[in-house]
Amino acid sequence: MPNSATPTHCPYCALQCGMNLTPAPDGTVEVSERADFPVNRGALCGKGRTAPAVLSSRVRLTSPLVRSGGTLVPAGWDEALDRIAEELSRTRTEHGPDACGVFGGGGLTNEKAYTLGKFARVVLGTSQIDYNGRFCMSSAAAGGMKAFGLDRGLPFPLEDIPKSGCVILVGSNLAETMPPSLRFFTELRENGGTLIVVDPRRTKTAEQADLHLMPRPGTDLALALGLLHLIVADGLVDEEYVRERTVGWEDARAAAMAHWPEYVERITGVPVPQLRETVRMFCEPEAAMVLTARGPEQQSKGTDTVSAWINLCLATGRAGRPLSGYGCLTGQGNGQGGREHGQKADQLPGYRKLDDPAARAHVADVWGVDPDSLPGPGRSAYELLDALGTDIRSLLLMGSNPVVSAPHAAHVEERIKSLDFLVVCDVVLSETAALADVVLPVTQWAEETGTTTNLEGRVLLRRQAISPPDGIRSDLEVMHELAARLGVEKGFPTDPEEVFEELRRASAGGPADYSGITYGRLAEENGVFWPCPTPDDRVGAGSGGEGRGMSDGRDESHGRHRSDGRGLSGTGGQGAAVDDGRGGVHPGTPRLFLDRFATPDGRARFVAVSHRAIAEEPDEEYPVLLTTGRVVAQYQSGAQTRRVDELNAAAPGPFVELHPRLAERLGAAEGDPVAVVSRRGRAVAPARITLGIRPDTVFMPFHWYGEGRANTLTNPALDPTSRMPEFKACAVRLETVKS
C-alpha cells in the first residue's frame, strides 16, 4: 500500500468519525485529523485515536487456530476451512439445516452482513441467524416502524440538532459513548436552545443539561406518558397537525390521561415541577427533538417506551418537520446498516421482511435461487443463544463476543460450551473465541475496503489503508471458501465492491434502497443518505418501502412549523429520480418524512401504550436496582479496546457505582470490593461512591469478563415485539466482600 494518507472512518461507534491513516516507517499507522467530514469535523475520542494499536501483531490473531486435545493450536487455512466444512456438513446431515446457527455483529460492514445473511440462507439453508445488534437498537427500530413505517436511526443529519429549539435526550451518555457528537448539543445551547437529559445517573452528559431528570430505572415509559398527559391538559397539542398527518390519536390520548402527574412522580421519582418544566421547555420553541438511546430501549417494554416518546413528538407536531422529530442514537459502528441487509432473523436485504412473498421473490431472483428454498424467520439473538447445544448444534460466529455482551452471560457461556462445534471469525482471541473449535483470523477496518451506515443513515466508504499481515484473510474470503467446500461454487465474491453492486440490486425498491449509491459516489461525496434509488426505482417499484417518506423540501407541513426550506435542498423526492445536473442521479435523502410518512396513507401512527413494571422489581431479598452502561475508554465487550494500553490505563477494570447513603448502609468505603448479586449470579468489583446516582440504584459498566462481568447479573426478559433483553434494570442485593 502507498505511504500516503488514506481518508477513512473509525472502526468503533455509529458516528463513524472521519480520519486519515498514514503508514509510518516503523510499521505503525498514524491517525490524523480529517476536518472535511461533517460528523466529527476532525475531532476524535481516545478510542479513535488509538484504534491502530489493535492492528499490531502483538495483540491480534495471526494464524488460524484449531482445537486439538482441548487446546487451540496454530493450523493452516486449508486444514481449518476443511474442518469447518466437514463439521457443518455433518450437522446438517445428522440434525437438519436449522441445527446450524449463525451469529453476526453490528460492526460488520454492509458487504459482510449482506454476505453472511446470504450464506446462512443459501449455503446452509438455515433460518437460525441473528446478530448482536438485537441487543442495541431493536426496540427503537420496532417503535419507528410502528409509527413511521420506516426505521432509520436519525431521520435527519446531526447538523440539524444545533438549529433546533429543544432536545430531550433519553438514556444516553453520549459525552462518553460518542464524545465528538457532544459539540452538536453544545452548539444547540450556544444558539439559545435547551437540552433536557433523562438519566438515573448524573453523567458527564447530564452535567451539560439545562434540566436533568433522574427517573428510577425502567420507568421511562411512565415518564413519557406523564409528559403527554400534561401537554393535553395544558392545551399544547398541535390539533391541526394531528388531524392532517396522523391516525390513532384518540386511543393514545386516553392512555396518556390515565398517567396524571402525581401518579407519574410516585412511579418515576421525578418531581411534578420538573415534569411541568420539561413540557414548557419542549413546547415553547418552534422546533424540538426527542432522541433515545439504550436507556429506554434495553427494557422488556422498550418498544412501548419508544412509542410513548414518539407520541410526544406527534402530539406536538414535531415529527416530519424541519429541525424536529424523533431519532435513535444508534450504538454500534454499523448498527444501522447491519440490520438492513439480511443478518437479522426476520429480514432480507434492503430492510425487506423475510415473510413477504414479493420480497422473497425479488431477493431470490438476485441470488439466482428458488424463493421457496429460502427459509423463514428464525430466532432472535438471545433465543438463538439459549438454544445452543440443544436445537442448534453448530455455530458460525462473526464479529461478536456474547460471552461478555449477552444478558445472563454465565448461562450463555454454558450454552456455547455445550455446542458440538463452534467457529469464530475475529481479529483478536476474544473470550468467546477462546471457547471455539476453530478460530479464523480476519482482516480489520484499516486492512480492507467496505461500506458502513452511520447513525444518520449516511452510507460511508471505509478505505483500505494498509495491507494485512501474511496469513490473514477477509470474512468475504472465508465465506467464499466455505461456500465452495459446501457445494456452492458461485455467488460469493471476495471483492467488496462486487458484493456491494449485488447489494444495490438486492436492496432496489426496498425501504433501505441503496441502488443509487456507488463506491465512486461515496468516495466523492462524503457519504450518501439512504434511501437513494436509481432512476428506475420510482414510487411503486419493488417490494416494501417504495421510497415513501422522502422529501424534496417542498412544504406540505401545516401551522406554526411551516418549512422555510432552510437546509432542505437536494433531499430527494418521494422515490423519483432527481436530476441534479448529473444525468438523473438521486442525491440521497438526508431528511425523511417532511412530506409524508412511509405508511400506505402517508400518515404517522400513534400507538396507545400504558405503563407497566419492569420484569423484575426489587423486593426484600433483592432491594436495589442495577443498571448497566459504558465508560469512555472502553467499547462494547472490550475485546479490542482492552488490548490498548492507553485505554486500559484510563479504565482498567469494572466498578460498582453507588450513592453514599447506600454505601453507608452497606458499610463500604471507596475502593472496597462489593458483591452485586442477582437471581442469575454474582459479580464483584470495587465501590465507586458518588452523589451522581439515585440512592436506590447501582451502576456497573459491562466491558469486562471474569468476576466483574456485569452481564452475569442482567435479566434476559425479552420485549414481546423487538425481542430486546432487559439490560437496563434488574433487582440485586449488595454484599461486602471480606479481604
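Quick caveat, the model's predicted, so the values are computed rather than measured.
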Check: Can you tell me how far the CG atom of L658 sits from the CZ atom of F699, to the nearest 0.5 Å?
Finding: 12.5 Å
Check: Does the side chain of Y351 come within less than 4.5 Å of R339's, by heavy atoms?
Finding: yes
Margin query: Test your reading of the model: is there a side-chain donor-acceptor pair from T714 to the backbone of F727, 3.5 Å cut-off?
Written below: no
Note to self: Working to the nearest 0.5 angstrom, can you tell me the gap between C100 SG and I129 CD1?
What the structure shows: 12.0 Å
Check: Have E646 and T50 got a donor and an acceptor in their side chains that come within less than 3.5 Å?
Finding: no
Notebook entry, point to check: Measuring from Q128:CD to S394:OG, what's the distance to the nearest 0.5 Å?
Noted result: 13.0 Å
Margin query: Under a 4.0 Å threshold between the charged nitrogen and the carboxylate oxygen, would E176 count as salt-bridged to R630?
Written below: no
Next item on the list: Give a yes or no answer on whether the side chain of E726 reaches the backbone of S300 with a donor-acceptor pair at less than 3.5 Å.
Entry: yes
Check: Is the backbone N or O of G378 less than 3.5 Å from a side-chain atom of D130, with the two atoms forming a donor-acceptor pair by type?
Finding: no
Next item on the list: Enter the distance from M700:CE to T628:OG1 here, rounded to the nearest 0.5 Å.
Entry: 9.5 Å
Margin query: I'd like to know if E86 and R83 make a salt bridge, using a cut-off of under 4.0 Å between side-chain N and carboxylate O.
Written below: no
Check: Taking NZ, NE, NH1 and NH2 as the nitrogens, is one of them in D304 or R612 under 4.0 Å from a carboxylate oxygen of the other?
Finding: yes
Check: Under 4.0 Å between a Lys/Arg side-chain N and an Asp/Glu carboxylate O for E431 and R709?
Finding: no
Notebook entry, point to check: What's the verdict on salt bridge (Lys or Arg N to Asp or Glu O under 4.0 Å) for R134 and E383, showing C-alpha distance, side-chain angles and the deciding distance?
Noted result: CA-CA 11 Å; R134 178 79 66 172; E383 292 165 304; over 6 Å; no
Check: Is it true that a side-chain atom of Q336 and a backbone atom of G153 form a donor plus acceptor pair closer than 3.5 Å?
Finding: yes
Next item on the list: Taking Q298 for its side chain and C136 for its backbone only, find out whether a donor-acceptor pair lies under 3.5 Å.
Entry: no
Margin query: For E340, give me all partners under salt bridge (Lys or Arg N to Asp or Glu O under 4.0 Å), at least two apart in sequence or on another chain.
Written below: none
Item checked: Rounded distance [0.5 Å steps], CG in N334 versus CZ in R462 -> 7.0 Å
Check: Going by atom types alone, do T292 and Y326 pair a side-chain donor with an acceptor below 3.5 Å?
Finding: yes
Next item on the list: Answer yes or no: is there a donor N or O on one side and an acceptor on the other, between the side chain of Q343 and the main chain of G105, under 3.5 Å?
Entry: yes
Checklist line | Partners meeting side-chain contact (heavy atoms from CB on, under 4.5 Å) with R67 (sequence neighbours left out) | finding: L72, D437
Next item on the list: Start with the C-alpha distance between D420 and R90, add both sets of side-chain angles, then the distance that settles salt bridge (Lys or Arg N to Asp or Glu O under 4.0 Å), and finish with yes or no.
Entry: CA-CA 10 Å; D420 295 344; R90 178 181 295 117; over 6 Å; no
Item checked: Side chain R680, main chain H411, donor-acceptor under 3.5 Å -> no
Next item on the list: Please check if the side chain of K47 supplies one atom and the backbone of M178 the other of a donor-acceptor pair under 3.5 Å.
Entry: no
Check: Would you call R682 and E735 a salt bridge, taking side-chain N to carboxylate O under 4.0 Å as the test?
Finding: yes
Notebook entry, point to check: Do R679 and Y622 have side-chain heavy atoms sitting under 4.5 Å apart?
Noted result: yes
Note to self: With no hydrogens and no angle check, just 3.5 Å: does a side-chain donor-acceptor pair link Y705 and E413?
What the structure shows: yes
Check: Considering residues at least two apart in sequence or located in another chain, which fulfil the salt bridge (Lys or Arg N to Asp or Glu O under 4.0 Å) criterion with E448?
Finding: K112
Check: Just checking, any donor-acceptor pair under 3.5 angstrom between side chains of N110 and T451?
Finding: yes
Margin query: Would the distance check show the side chain of R643 and the main-chain N or O of R60 forming a donor-acceptor pair, the cut-off being under 3.5 Å?
Written below: no
Check: With sequence neighbours excluded, what pairs up with R121 under the salt bridge (Lys or Arg N to Asp or Glu O under 4.0 Å) test?
Finding: none
Margin query: Give me the atom names and distance for the closest heavy-atom approach of T305 to D220.
Written below: CG2-CB, 3.7 Å
Check: Hey, what do you get for OH (Y131) to NZ (K344), rounding to the nearest 0.5 Å?
Finding: 6.5 Å
Note to self: Does any part of the side chain of L482, heavy atoms only, come nearer than 4.5 Å to the side chain of V123, both counted from C-beta?
What the structure shows: no
Check: Between T219 (side chain) and A222 (backbone), is there a donor-acceptor pair under 3.5 Å?
Finding: no
Next item on the list: Compare all side-chain heavy atoms of L440 with those of P64 and state whether any distance is below 4.5 angstrom.
Entry: yes
Note to self: Hydrogens and angles aside, do T303 and T721 bring a side-chain donor and acceptor to less than 3.5 Å of each other?
What the structure shows: no
Next item on the list: Let me see the working for N132 and Q332 under side-chain hydrogen bond (donor to acceptor under 3.5 Å, both in side chains), right down to the final yes or no.
Entry: CA-CA 9 Å; N132 63 14; Q332 294 191 77; 2.9 Å; yes
Next item on the list: Name all pairs fulfilling the ring-ring contact (aromatic ring centres under 6.0 Å, His included) condition that reach into residues 385-407, sequence neighbours left out, sorted by first residue then second.
Entry: none
Next item on the list: Only counting residues at least two apart or in another chain, list the ones meeting salt bridge (Lys or Arg N to Asp or Glu O under 4.0 Å) with D391.
Entry: R379
